[in-house]
Amino acid sequence: MSRARNVSRWLGEHSELGVAGFLALLGVLVIADAAMLPPAVGQVGPIGPDVVPYAIGGLLVVTAVILAVDVLRGGHGEAESGEDVDLSEPPEWRTVLLLAAAFAANIVLIDSAGFLVSGTVLFWGSAYALGSRKPVRDGLIAVGLTVATYFLFAHWLGVPLPLGPFEGVL
Amino acid sequence: MDVLGNLLDGFATALTPENLLLAGLGVLLGTAIGVLPGIGPAMAVALLLPVTYTVEPTGAFIMFAGIYYGGMFGGSTTSILLNTPGETAAVVTAIEGHPMAKRGRGAQALATAAIGHFVGGLVGTILLVALAPVVADLAVNIGAPDFVAVMLLAFIAVTSVLGKSRVRGFASLAIGLAIGLIGLDPVTGQQRLTFGSLHLVDGIDVVVVAVGLFAVGEALWVAANLRRTAGRPIPVGRPWLSREDVRRSWKPWLRGPVIGFPFGAVPAGGAEIPTFLSYVTEKRLSRRADEFGKGAIEGVAGPESTASASAAGTLTTMLTLGLPTTAVAAVMLAAFQQYGIQPGPLLFERESELVWALIASLFVGLTLLLLLNLPLAPLWAKLLRIPRPYLYAGILFFASVGAYAVSSDVADLIMLLVIGLVGLMMRRFGLPVLPAIIAVILGPNVELELRRALQLSGGDLSGLVNTTFSVVVYCVITVILAWPLIARLVRKQSREKTPAS
């Protein structure tokens with residue numbers, strides 16, 4: 001029981017090893033992709049398309065190893081500060097999950113239900129995730145922002161955003 | 001005078017109603033962004049990259065430059081009134097500016113900051129006018145090996161000089177380089193890191209990368225650590241300066257550019273280091289050194305002028321060498337690429353009209369900023385009251401719209417979220433973002449020039465060091481890389497000496 005707790009605490013304190021893991025994985029991916037490039041046809045030059053990827057993959061793996069060593073020796077990356085950032089309390093990952101969910105909904109909806117729906121869902125959902133508890137006011141702002149943005153992009157920038165079922169309504 | 005003639009032509013372009021409007025829009029947006037928490041000029045320019053689809057390049061860059069200068073102006077407001085710097089450039093300002101505001105001298109602090117910005121920006125931009133054509137002329141003959149050396153220097157400097165941990169800087173650089181590989185190899189046309197996906201064949205659009213790293217990553221990170229109780233800004237009246245304040249400020253204003261411009265021009269992290277140096281200098285030179293820490297006006301005037309001048313230095317390097325030394329410059333370089341324009345020595349020949357209009361607009365923007373900021377500072381401070389949920393929800397909203405507008409492809413939104421999560425991880429674990437974005441933008445160019453240089457030398461590695469210039473640059477790189485070692489040796493030596501003496 002206490003051993004399991006110790007292990008989880010150790011992992012919590014060394015969560016930065018995950019970054020090293022990510023770098024190593026990315027490095028291996030880059031190297032593997034370079035190794036599997038088909039032989040080039042025609043003029044290649046002294047350096048083929050695989051040389052630079054090997055170097056970058058190598059750099060990733062080397063930084064991964066050095067970073068892991070640094071973390072195991074007690075090194076810590078300094079979390080970024082900012083005006084609205086309070087580092088004295090642990091991060092609230094729930095907020096990030098909710099925001100990611102709102103963004104995912106936006107991704108799923110934009111082509112099927114159109115930008116007016118997906119944009120409203122994204123803004124309203126994000127505001128809720130960030131702690132706003134005025135659903136009606138948030139909703140009105142979300143709809144207003146979405147419609148205004150649609151016109152801005154369609155008429156000024158010439159980028160028509162998809163309307164989905166609202167085609168012809170606006 | 002060729003330069004003066006060009007500059008006058010530039011003013012003619014910059015002062016057309018449309019460009020004047022865009023410059024005004026830029027400085028307004030820039031100031032607002034500087035004041036607003038959590039959103040910096042790099043993020044703002046990234047979010048505005050979609051305007052490159054419709055606004056012609058001259059107008060777009062006039063606006064972006066306005067945002068850059070405006071962000072510097074606005075950043076000091078929060079430093080002074082709230083003790084929370086909006087931009088890294090304004091960190092030092094808080095040290096003296098906030099105590100000034102607490103003692104009821106907020107109006108003077110805002111005034112000396114605004115005028116300091118104007119003076120610093122003005123001197124810096126004059127230096128830009130004087131130096132840029134000379135540098136471009138010198139650089140016009142640099143070949144592929146020199147280009148590779150300079151870019152490598154930029155990579156090494158940006159990872160080693162900046163930040164607290166080198167290995168984390170290199171990790172960030174490597175992530176950026178890997179993202180830059182995705183797509184078709186420019187020489188052979190082979191697909192790299194595309195995993196057979198059609199969406200990845202053209203690479204990840206630089207808009208998506210910039211918006212993902214700066215806007216989505218930042219919004220997610222702030223959201224995770226959102227301050228529950230927002231600070232209350234100190235109320236302040238209209239900025240003004242007494243004769244005594246001017247007497248104490250004018251020298252620091254003029255000293256600022258001397259420190260700021262050169263530091264902005266080299267890849268050493270933009271305004272962070274020079275503003276600190278300026279602060280230390282003013283403290284040493286001031287006859288009121290005892291007042292430092294309690295609200296000395298010199299400690300606001302100097303660093304703010306320095307910050308503004310460093311922006312001009314940054315633009316000089318970006319325009320003449322195509323080398324971004326700060327995040328804003330990196331995103332502006334991405335904007336140039338959207339238009340298919342390659343900044344660098346040839347820019348002054350090929351896009352003479354655009355460059356000079358942009359430079360002229362810097363003078364226009366500075367004047368507009370001074371007129372806007374002196375009387376309106378209390379109004380700007382009201383922006384701090386915006387509810388945070390709306391601010392960050394809005395950032396995510398515009399990030400999504402901007403990325404989707406690139407090619408109306410949902411795949412871009414998925415990439416945006418993934419890159420945003422990478423940006424979140426980087427902020428959580430202290431990986432600086434700047435090396436990554438510079439690597440994404442410059443990486444492919446470096447590879448191309450590297451292969452070109454080696455093709456010319458028939459694959460012989462000596463082809464990379466066959467010019468004096470490149471040899472010098474590699475020596476500088478070696479010194480930077482070996483610096484911790486050198487510093488340790490020097491420290492050891494001096495320690496051995498001390499007990500003997």
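Below, read A as the first sequence line, B as the second, and so on, with proteins coming before strands; counting in each chain starts at 1.
- Interface remark: of the candidates A:S15, A:A34, A:G131, A:A102, A:S15 forms the most heavy-atom pairs closer than 4.5 Å to chain B.
- Looking only at side-chain heavy atoms (C-beta outward), B:F170 and A:V62 stay at 4.5 Å or farther from each other.
- The line from OG1 of A:T95 to CG of B:L220 is 10.5 Å long, rounded to the nearest 0.5 Å.
- Taking CG of A:D33 as the start and CG of B:L181 as the end, the distance is 8.5 Å to the nearest 0.5 Å.
- Contact tally against chain B (heavy-atom pairs below 4.5 Å) for A:S126, A:P91, A:S88: the top residue is A:P91.
- Between A:F103 and B:L416, some side-chain heavy-atom pair lies under the 4.5 Å cut-off.
- Under the 4.5 Å side-chain criterion, counting only non-hydrogen atoms from C-beta, A:F153 is in contact with B:P50.
- Only the backbone of B:Q191 comes within contact range of chain A, judged by heavy atoms closer than 4.5 Å.
- Salt bridge annotation for A:D84-B:R388: present, with a cationic side-chain nitrogen under 4.0 angstrom from a carboxylate oxygen.
- If you measure heavy-atom distances from A:V69 to chain B, you find no contacts under 4.5 Å at all.
- Contacts of B:Y404 with chain A are made by side-chain atoms alone, with heavy-atom separations under 4.5 Å and no backbone atom involved.
- Contact count against chain B (heavy-atom pairs under 4.5 Å) is highest for A:W93 among A:Y128, A:W124, A:W93.
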For residues 45-54 of chain A, run the donor-acceptor check on the side chains, cut-off 3.5 Å, and write out each pair with its distance to 0.1 Å, sequence neighbours left out.
none

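- Contact of A:L98 with chain B is not made at all, since no heavy-atom distance falls under 4.5 Å.
- For the atom pair CG (B:L177) and CG (A:L60), the distance works out to 8.0 Å, reported to the nearest 0.5 Å.
- Counting heavy atoms from C-beta outward, B:R428 and A:E80 have side chains that stay 4.5 Å or more apart.
- Between chain A and the options B:L454, B:V433, B:V216, heavy-atom pairs under 4.5 Å are most frequent for B:L454.
- Most heavy-atom pairs under 4.5 Å with chain B: of the set A:R94, A:E92, A:M36, this distinction falls to A:E92.
- How far NE2 of A:H76 is from CZ of B:F429: 10.0 Å, rounded to the nearest 0.5 Å.
- Using a 4.5 Å cut-off between heavy atoms, B:R427 contacts chain A through both its backbone and its side chain.
- Between chain B and the residues A:A55, A:P162, A:A100, A:A20, the largest count of heavy-atom pairs under 4.5 Å involves A:P162.
- Most heavy-atom pairs under 4.5 Å with chain B, from the set A:L161, A:L145, A:V159, A:I66: that is A:L145.
- Looking only at side-chain heavy atoms (C-beta outward), A:F22 and B:I175 come within less than 4.5 Å of each other.
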